[in-house]
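In this text the structure is predicted, and so the values were computed from the model without any measurement.
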Amino acid sequence: MERLKLVLQYFQSNSESISNGICIILALVSVKLYTSFDFNCPCLPQYNKLYSLGVMIVPPIILFFLGVLVNRHTGVMMDEWMRPVGKRSKNPAVVKYLFSAMIQRALLAPMVWILVTLLDGKIFICAFSVSVDPALFSGLPNNTGLDAIKIMAKVPCKEDVIFRNSSFRKAVSRYVRCYSQAVGWSILLFLIVLGALGRLIKPCFDDHSSFLQTRYWSNYLDVEQKLFDETCILHARDFARKCVVQFFEDMREDTIYRMPHPPFIKHSRDEWEDEEEERLHGITKEEQVDQLLNKWYYSKPELDVTRIAHRPRMCVTWEDHNGKTLYSDV
């Protein structure tokens, strides 16, 4: 249970970890879909290859676009690529980094589907059994009145009566399955070697400081967008509350009640209103909200927080009647 909690905390730590978790889940879903998928070869020469290649190619395309859709880097990349320049210049390296990260994660589930189908071999047998030379095997059923192509097209259908009490179908199936598994393991080995070489060779030809800068600003864009969305949600909640309270206040008759001030209330009405106004940041009208959102899109603030980082801080000092400092929080 503790390990499960650690795994969940890792995937919830940042958006990159969440994207990795979603891609892993999609990969597991692709395996589950294939194992639960009842593949039935049509066993017809003109349809075997078309149907098999469709099953091998169409689901990976769907999984790829699904991975692009659920990946948070997609939205961040498109926002950065399509936004007007405004006060902040665009960094093409950040867009390329986000695009590369999005493609790598989106390709995981499709590659898992293709590898599973190749290692299983059923789809490969259905697609290429017609291409096998029947003379390589003994026991070809020659008393069925069918030509060799139609007989080879029926190899994936083990229930067919022409292969009853015959080892021909099993021999051809083993032969094609060996090719399928060889292709699958070769692709897997190629991907692993390519990834390892990329990790080893990339630092030799790439400026690591530039990579750190690109990664930092890509993470910044993601965090900035999330903070802006959270701030907008808080502002919308306070704005809606003020609208509702103002509506009820307008409907209430002007009645004055004189009651003693309860001792447990430490904040006055003015203090509460000041706190709510601070949460609204002075944006109290629909036109102001629209103007703010429009400015955020067309003129992102420049990446300089010097003014707010070095703004003056109020310090309090207590002195006696002679001017001697008793206490100071400086």
Side-chain angles (χ1 to χ4, degrees), residues 5-27 64-111 191-236 281 292-313:
K5 289 181 179 179
L6 291 176
V7 172
L8 292 176
Q9 288 176 358
Y10 167 74
F11 285 125
Q12 294 176 355
S13 58
N14 53 60
S15 61
E16 188 172 352
S17 301
I18 293 174
S19 298
N20 292 336
I22 292 175
C23 292
I24 293 173
I25 292 174
L26 282 177
F64 172 76
F65 284 107
L66 186 61
V68 171
L69 183 64
V70 300
N71 197 328
R72 180 170 174 82
H73 284 115
T74 306
V76 178
M77 180 197 69
M78 293 304 297
D79 289 342
E80 179 65 15
W81 183 30
M82 299 299 296
R83 71 171 177 84
V85 177
K87 296 181 180 179
R88 183 189 303 179
S89 61
K90 294 184 180 181
N91 190 349
V94 175
V95 178
K96 292 179 181 178
Y97 177 84
L98 293 172
F99 179 77
S100 175
M102 177 197 68
I103 293 297
Q104 292 176 16
R105 290 177 173 85
L107 284 175
L108 177 61
M111 290 307 303
L191 293 175
I192 293 175
V193 172
L194 184 64
L197 291 177
R199 282 297 185 97
L200 294 174
I201 296 177
K202 185 178 179 181
C204 301
F205 299 95
D206 193 11
D207 186 6
H208 191 62
S209 62
S210 300
F211 172 75
L212 291 177
Q213 294 172 8
T214 303
R215 186 173 182 179
Y216 175 88
W217 291 116
S218 64
N219 291 330
Y220 169 83
L221 292 175
D222 183 28
V223 174
E224 181 190 56
Q225 187 61 43
K226 288 197 296 187
L227 289 176
F228 182 77
D229 293 340
E230 293 172 2
T231 306
C232 287
I233 291 173
L234 293 175
H235 184 277
H281 302 284
L292 180 141
L293 297 176
N294 187 71
K295 184 177 180 181
W296 175 261
Y297 177 74
Y298 285 102
S299 182
K300 287 284 185 70
E302 57 182 346
L303 300 175
D304 184 3
V305 294
T306 305
R307 180 173 53 86
I308 192 171
H310 297 284
R311 61 185 177 184
R313 185 171 62 93

Practice task
Work out which heavy atom in Cys232 is nearest to a heavy atom in Leu293; give both atom names and the distance.
Solution key: SG-CD2, 4.3 Å
Handout entry: Within 6.0 Å of CZ in Phe228, more than 12 heavy atoms from elsewhere
Key = yes
Exercise for the section: Determine the interplanar angle of the Phe211 and Tyr97 rings, folded into 0 to 90°, and report it as parallel if under 30°, tilted if 30 to 60°, perpendicular if over 60°. Expected result: perpendicular
Practice task
Please report the closest heavy-atom contact between Gly67 and Ala106, naming both atoms and the distance.
Solution key: C-CB, 4.0 Å
Exercise for the section: Start with the C-alpha distance between Ile103 and Phe64, add both sets of side-chain angles, then the distance that settles side chain to side chain contact (heavy atoms under 4.5 Å, CB included), and finish with yes or no. Expected result: CA-CA 9 Å; Ile103 293 297; Phe64 172 76; 3.9 Å; yes
Completion exercise
Nearest heavy-atom approach of Thr214 to Ala93 is CG2-O, 3.4 Å
Handout entry: Side-chain donor-acceptor contact under 3.5 Å, Ser100 with Gln104
Key = yes
Problem - Where Lys87 and Glu302 come nearest, the two heavy atoms and their spacing - result: O-CB, 3.9 Å
Exercise for the section: Return the set of residues passing ring-ring contact (aromatic ring centres under 6.0 Å, His included) with Tyr216 (not counting sequence neighbours), or none when no residue passes. Expected result: none
Practice task
Without swapping roles, check the side chain of Arg83 against the backbone of Val85 for a donor-acceptor pair under 3.5 Å.
Solution key: yes
Practice task
If a pair satisfies salt bridge (Lys or Arg N to Asp or Glu O under 4.0 Å) and one of its residues is in residues 88-100, list it, with sequence neighbours excluded.
Solution key: Arg88-Glu224
Fill in the blank from the handout: Interatomic distance, CE@Met102 vs OG1@Thr74, rounded to 0.5 Å, equals 5.0 Å
Handout entry: Listed partners of Trp81 passing ring-ring contact (aromatic ring centres under 6.0 Å, His included), at least two apart
Key = none
Practice task
Return the set of residues passing side-chain hydrogen bond (donor to acceptor under 3.5 Å, both in side chains) with Ser210 (not counting sequence neighbours), or none when no residue passes.
Solution key: Asp207
Completion exercise
Sorted by chain and residue number, the ring-ring contact (aromatic ring centres under 6.0 Å, His included) partners of Phe65 (sequence neighbours excluded) come out as none
Handout entry: The single option from Asn91, Val76, Val94, Val95 passing side-chain contact (heavy atoms from CB on, under 4.5 Å) against Ser218
Key = Val94
Fill in the blank from the handout: Residue set satisfying side-chain hydrogen bond (donor to acceptor under 3.5 Å, both in side chains) with Thr231, at least two apart, ordered chain then number -> none
